[in-house]
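For the numbers below, each heavy atom of this structure counts, side chains included, while hydrogens, waters and symmetry mates do not. Counting from 1, the numbers follow the sequence of the chain as shown.
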Amino acid sequence: SPTTAPATAPPPVGPTTTIEFAETNHDFGKVKAPEKVRHTFKFKNTGKEPLIISSAKPSCGCTVPKWPQEPIAPGKTGEIQVEFDSKGKSGPTSKNVTVTANTDPPQTMLYFKADIQGEPTTGGAPQGH
């Protein structure tokens with residue numbers, strides 16, 4: 001069966017539950033381009049219904065989220081892993097991932113930021129001006 005989801009996944013129909021993230025903000029700190037960095041956002045189903053995450057949509061193509069495809073039982077925990085590719089970027093950057101699930105409200109935003117040390121364009125650091 002095809003697993004391609006529509007561009008904007010509708011929230012799952014049916015009963016809603018509640019989700020609680022250990023954190024919704026992560027700072028990678030200094031990242032040297034073109035390094036790929038990963039962070040795991042841990043969450044818990046704090047409601048009374050199985051939690052179904054229909055999508056985790058990144059704000060740009062440099063971010064790849066992975067989320068559980070199976071329902072998370074009430075009281076159980078899960079995680080969303082986010083991989084960020086800093087290739088070709090430099091300076092402070094912040095991105096987000098929109099998590100859509102059978103929660104009220106249906107969307108939760110996860111944010112992360114990094115201070116990207118750009119790839120050196122010359123053999124070494126420029127000396128003076």
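Counting only residues at least two apart or in different chains, salt bridge (Lys or Arg N to Asp or Glu O under 4.0 Å) contacts with residues 19-29 are absent.
Using the six-membered ring where Trp is involved, F112 and F28 have ring planes that are perpendicular, over 60° apart on the 30 and 60° scheme.
The CD atom of E83 sits 14.0 Å away from atom NE2 of H39, with the distance rounded to the nearest 0.5 Å. To the nearest 0.5 Å, atom OG1 of residue T108 and atom CD1 of residue I80 are 8.0 Å apart. Atom CZ of F43 is separated from atom CD of E79 by 8.0 Å, given to the nearest 0.5 angstrom. The distance from the CD atom of Q107 to the CD1 atom of I19 is 12.0 Å, given to the nearest 0.5 Å. Considering OG1 of T16 and CG of L51, their distance stands at 10.5 Å, rounded to 0.5 Å. Rounded to the nearest 0.5 Å, atoms NZ (K30) and NZ (K32) are 9.0 Å apart.
With T100 contributing its side chain and P106 its backbone, the two residues share no donor-acceptor pair below 3.5 Å.
Heavy-atom minimum distance, N25 versus F41: N-CE2, 4.0 Å. Taking each heavy atom of P105 and T103 in turn, the nearest pair found is O-OG1, 2.9 Å.
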Show me, pair by pair, the donor-acceptor contacts under 3.5 angstrom made by side chains of residues 85-99, not counting sequence neighbours?
unit_1, atom_1, unit_2, atom_2, d
D85, OD1, K87, N, 3.0
S86, OG, E35, N, 3.2
S86, OG, E35, O, 2.7

Hey, can you pull the donor-acceptor pairs under 3.5 Å for the side chains in residues 69-78, sequence neighbours left out?
unit_1, atom_1, unit_2, atom_2, d
Q69, NE2, W67, O, 3.3

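Looking only at atom types and distance, the side chain of T17 has a donor-acceptor partner in the side chain of N45 under 3.5 Å away.
A continuous path of hydrophobic side-chain contacts links V82 to V37 [ILVMFWY only; heavy atoms under 4.5 Å]. No chain of hydrophobic side-chain contacts below 4.5 Å, direct or via other Ile, Leu, Val, Met, Phe, Trp or Tyr residues, connects V64 to I53.
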